[in-house]
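Counting convention: from 1, in listed order, for ligands and their atoms alike.
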Amino acid sequence: MTENRQWVLASRPEGEPGREDFRLEEIDRPEPGPGQVLVRTLYLSVDPGMRPRMRDRESYAPSWQVDQPLWARAVGEVVESDHPDWAAGDLVVGRWRWAEYDAVEGESLRPVPLESEPGTALGVLGGTGLTAYFGLYDVGEPTPGETVVVSGAAGAVGSVVVQLARLAGCRVVGIAGTDEKCDWLTDLGAAATINYRDTDDYWDAVEEAAPEGVDVYFDNVGGEITDAVLDNVNDHSRVAVCGQVALYNAEETPEGPRRMYQRTRTRVEGFIVYDYEDRFDVAIDRLRDWYVAGDVESRRTVAEGIEHAPDAFLGLFEGANIGKQLVQVADRGD
Ligand SMILES: NC(=O)c1ccc[n+]([C@@H]2O[C@H](COP(=O)([O-])OP(=O)(O)OC[C@H]3O[C@@H](n4cnc5c(N)ncnc54)[C@H](OP(=O)(O)O)[C@@H]3O)[C@@H](O)[C@H]2O)c1
């Protein structure tokens with residue numbers, strides 16, 4: 001058997017997770033069964049939504065289990081196939097273990113949308129881009145001239161939302177944690193930015209950045225930043241609740257709505273990208289057209305080597321990434 005390495009959950013963290021919650025194991029390379037494909041992992045996606053999976057709660061099912069392998073969206077190269085759709089050398093995207101090799105149901109795999117840049121299948125041309133697309137356009141329903149505020153704006157999803165809102169003819173305000181990130185958001189077309197780590201009064205900062213009020217709020221972070229934005233919303237505004245990264249490590253989350261919206265008739269709507277699965281192909285085609293034409297750019301922060309996967313994940317909670325955080329496990333054809 002050829003050597004293979006995989007990460008398992010060593011323990012369930014309380015509060016901030018740490019490296020001790022992960023364990024790297026050496027295992028055999030799996031044999032693909034009937035209908036399965038042996039994939040060699042090229043890229044793994046890490047994202048903040050994995051933190052709730054470290055908890056053992058029904059509402060976060062399927063959770064990761066202690067001493068069991070972790071899983072992620074991933075891009076790989078087919079090594080061996082027992083499925084008619086796939087042959088050795090194909091580049092595929094799917095979900096499998098944080099491992100160098102895995103045996104995956106052929107039925108669950110898709111081709112990468114852009115062969116020359118396979119990593120985009122986990123970013124702008126994958127779940128990240130789709131989350132931005134449906135969260136902004138379907139939930140946020142922006143119209144030209146409106147003000148769109150995006151929190152977590154220099155992250156994977158947020159940076160695509162900023163650009164899609166600009167393409168929709170909106171005035172965009174991006175909120176992020178460093179000046180470097182804010183400068184990049186300006187390059188992407190944000191009319192104003194807020195470095196929240198350098199701001200004493202979030203409320204004043206939002207009012208100054210969005211003097212005509214907020215029509216659409218795309219929320220990736222929750223917490224106090226969101227409180228400040230919600231205090232500045234316009235009548236009939238829309239809030240797309242995408243994620244709450246500022247609260248994922250909290251052991252006690254404040255109960256109930258933190259602000260009241262009835263005065264402004266604001267619609268606050270959570271969403272999960274998979275709600276829109278039947279329209280994924282159309283959205284990926286549009287995103288790919290924009291990406292290839294240079295209308296939407298994609299930045300990636302890449303950790304090299306499977307041994308650094310937990311560090312890449314933990315860095316998300318410190319803002320270590322700009323754009324999409326990936327782990328590169330191997331080069332194609334190594
Ligand atoms: N609804 C869905 O279907 C769906 C799908 C995918 C992702 N999501 C959610 O979308 C959000 C963004 O995900 P992503 O993959 O694009 O991650 P990401 O934004 O690339 O990475 C997380 C970023 O969040 C910021 N952050 C971390 N801790 C924070 C805190 N306490 N307060 C404010 N900002 C903080 C950091 O940037 P700064 O330097 O700016 O702090 C960090 O770079 C997450 O909440 C995720 O769970 C939802």
What residues come within 4.0 Å of ligand 1, counting heavy atoms only?
D47, P48, G49, T131, G155, A156, V157, A176, G177, K181, Y196, R197, N220, V221, C242, G243, Q244, V245, A246, Y248, F271, I272, V273, L316, F317, G319, N321, G323
Within 45° of the ring axis of Y248 and under 6.0 Å from its six-membered ring centre, is that where the NZ or CZ of R51 lies?
no
Under the 6.0 Å and 45° cation-pi test, does R95 pair with W71?
yes
With no hydrogens and no angle check, just 3.5 Å: does a side-chain donor-acceptor pair link E107 and H83?
yes
Checking F317 now: which residues fulfil ring pair (Phe, Tyr, Trp, His ring centres under 6.0 Å) with it, not counting sequence neighbours?
F313
Starting from L247, walk the hydrophobic network (Ile, Leu, Val, Met, Phe, Trp, Tyr; side-chain heavy atoms closer than 4.5 Å) and list everyone else you reach, by chain and number.
none
Anything under 3.5 Å between a donor and an acceptor, one on a side chain of residues 130-141, the other on a protein residue two or more places apart or in another chain? List them.
unit_1: T131; atom_1: OG1; unit_2: G127; atom_2: O; d: 2.6
unit_1: Y133; atom_1: OH; unit_2: R286; atom_2: NH1; d: 3.0
unit_1: Y137; atom_1: OH; unit_2: L164; atom_2: O; d: 3.0
unit_1: D138; atom_1: OD1; unit_2: R279; atom_2: NH2; d: 3.2
unit_1: D138; atom_1: OD2; unit_2: R279; atom_2: NH1; d: 2.8
unit_1: D138; atom_1: OD2; unit_2: R279; atom_2: NH2; d: 3.4
unit_1: E141; atom_1: OE1; unit_2: R267; atom_2: NH2; d: 3.0

